[in-house]
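Report on the structure given below.
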Amino acid sequence: MEVKILQKTKYILSAVLIAAVSVFAGCTKIHDVQNEDLNSQITFNNNINDFLSIYEIVEHINSTKSSQGLVGIYLDSIEKQVNCKIIIIDSITSDGDGYAYRIQFPEYKKNFNQSALNYDGKARFGSVLVEVSQNYRELNTTTTISIGDTNAFYIGSVNNPIKKFTGKINLYRSFQAVLSMTFNQVKMVTDVDSMVFSGQLAIQWSSGESSDGLFNDVINYNGDGTFSYNNLPNTSWKTSLALVKNIENGCSANIVKGILQIDNNNLRYRIDFDPFNNMSCDNIAKIYSAGKEYEVRIQ
C-alpha cells in the first residue's frame with residue numbers, strides 16, 4: 001500500500017513539475033531588454049511620443065479662439081497650462097500674411113524638480129517659432145513649426161534624460177478634421193545618444209476637432225518615414241495601426257493605442273502600444289521580433 005501511495009505521489013509531483021515548467025516556458029517570451037540590441041527601437045518609440053507633444057502644444061494654441069488670429073486674453077490660460085510665454089509677432093490674419101508667434105518655455109536647466117513639469121508630467125524648455133498662413137481652420141492653411149539649434153526645444157521628465165530637438169515641422173489642412181504633417185531631418189540628441197528622423201503623418205480626429213483647444217480630444221496619427229540612430233544607416237518605420245493619443249488629464253503623456261513597424265537589417269520589429277487591448281493610459285508597450293516578445297516602458 002505504501003509503495004502505491006509513493007508511486008501515486010511521484011506521478012502527481014511529476015505532473016505538477018511538468019505544468020510548472022510549461023508555465024515558466026510561456027513566461028520566457030518576455031525577455032530582458034538589457035540583454036538585447038533594441039536601443040534604436042526603444043529610443044525611436046520614446047522620441048516619436050515626445051515629438052508629437054511639440055505639435056500638440058502648437059495645436060492647442062492654434063485651435064483656441066484663433067479663427068481670426070491671436071487674442072491675448074485667451075492666451076493667458078494657455079500659458080499657465082503649458083508653463084510658457086506666448087510672444088506674439090504678428091497677431092492678425094486680415095493683413096494677408098497670416099500670423100506668427102513664439103512659444104517661449106523656461107530656460108533649460110539640467111537639474112529640475114517637479115515644479116517644472118507640465119500638464120502631462122513632462123518638463124519643457126527652450127523655444128518654438130510658429131507661423132500660420134491664414135485662418136487656422138480654413139482648408140489649405142499651412143503652419144510651420146521651426147526649432148533652431150541655438151534656441152532649441154528640450155523635453156524630459158524627472159529621472160529621465162532631457163532630449164534636445166531641432167528641425168522644422170510643416171502642417172497642411174487638407175480636410176476639415178485632417179492635417180498633413182511632414183518633417184525632414186528632425187534631430188534629437190541627449191548626453192548618450194542621437195537620432196535623426198523624417199517622415200509624414202496624417203493627423204485625424206476621432207473627437208474634439210471642432211472644439212477649442214486640444215484637451216479632451218482624441219487624435220489618430222498615421223504615416224511612415226525613416227530614422228538613423230547614432231549615425232547608423234537609415235531604418236524605415238510605418239504605422240501598421242494608427243497611433244492614438246487621448247489628450248485628457250492623466251492620459252495625454254502616452255500613446256494609448258497603435259502599432260509601429262520598424263524594419264532594420266532584414267529584421268522586422270512590431271511595437272504594440274496597447275498590448276493588453278484596453279487603451280490604458282500607462283506607458284507599457286511590447287516589442288515583437290523573430291518570435292520573441294519584449295515588454296518596455298515608454299519614457
Rounded to the nearest 0.5 Å, what separation is found between the CG atom of D217 and the OG atom of S252?
->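 It is 11.5 Å, given to the nearest 0.5 Å.
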Approximate separation, where rounding is to 0.5 Å, of L171 CG and E131 CD = 12.5 Å
Verify the neighbour count for atom CG of N249: are there more than 12 heavy atoms of other residues, nucleotides or ligands below 6.0 Å?
->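 12 or below, so no.
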Would you indicate whether F175, at its atom CZ, is surrounded by more than 12 heavy atoms from other residues, nucleotides or ligands within a distance under 6.0 Å?
->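 At most 12 heavy atoms, drawn from other residues, nucleotides or ligands, come within 6.0 Å of this atom.
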Testing I298, V296, N47 for side chain to side chain contact (heavy atoms under 4.5 Å, CB included) with I42, which one passes?
->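 When I298, V296, N47 are each tested with I42, the side chain to side chain contact (heavy atoms under 4.5 Å, CB included) holds only for V296.
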Are [X] and [Y] side-chain neighbours, meaning at least one heavy-atom pair lies under 4.5 Å?
X: E295; Y: K286; answer: yes
X: D50; Y: K122; answer: yes
X: S40; Y: N264; answer: yes
X: N234; Y: S236; answer: no

Which pairs count as salt bridge (charged side-chain N to carboxylate O under 4.0 Å, His left out) when at least one residue sits in residues 234-248, sequence neighbours excluded?
-> E56-K245
Residues [X] and [Y]: side-chain donor-acceptor under 3.5 angstrom:
X: Q134; Y: T141; result: yes
X: S194; Y: N231; result: no
X: S198; Y: N184; result: yes
X: T43; Y: N46; result: no
X: E138; Y: N140; result: no

Within one Ile-Leu-Val-Met-Phe-Trp-Tyr cluster: V178 and F183, side-chain cutoff 4.5 Å | no
Same hydrophobic cluster for V218 and I259, using side-chain heavy-atom links shorter than 4.5 Å among ILVMFWY?
-> no
Taking the six-membered ring for Trp, are F125 and Y108 ring centroids under 6.0 Å apart?
-> yes
What heavy-atom pair brings [X] and [Y] nearest, and what distance separates the two atoms?
X: Q104; Y: G126; value: NE2-O, 3.3 Å
X: N45; Y: I48; value: O-CG2, 3.3 Å
X: F105; Y: N83; value: CD2-O, 3.9 Å
X: F165; Y: I147; value: O-CG2, 3.1 Å

Result of checking F44, W237, F197 against F227 for ring pair (Phe, Tyr, Trp, His ring centres under 6.0 Å) = F44
Could you walk me through whether S206 and N220 pass the side chain to side chain donor-acceptor pair (under 3.5 Å) check?
-> CA-CA 7 Å; S206 295; N220 304 294; 2.8 Å; yes
Go through the steps for R137 and E209 under the test side-chain contact (heavy atoms from CB on, under 4.5 Å), then give the verdict.
-> CA-CA 10 Å; R137 295 191 182 277; E209 188 279 331; 3.4 Å; yes
Partner of S280 under side chain to side chain donor-acceptor pair (under 3.5 Å), chosen from D282, N278, N277 | D282
R124 to F153 six-membered ring, cation-pi geometry met (6.0 Å, 45°) | no
Who passes side chain to side chain donor-acceptor pair (under 3.5 Å) against S115, sequence neighbours left out?
-> N113
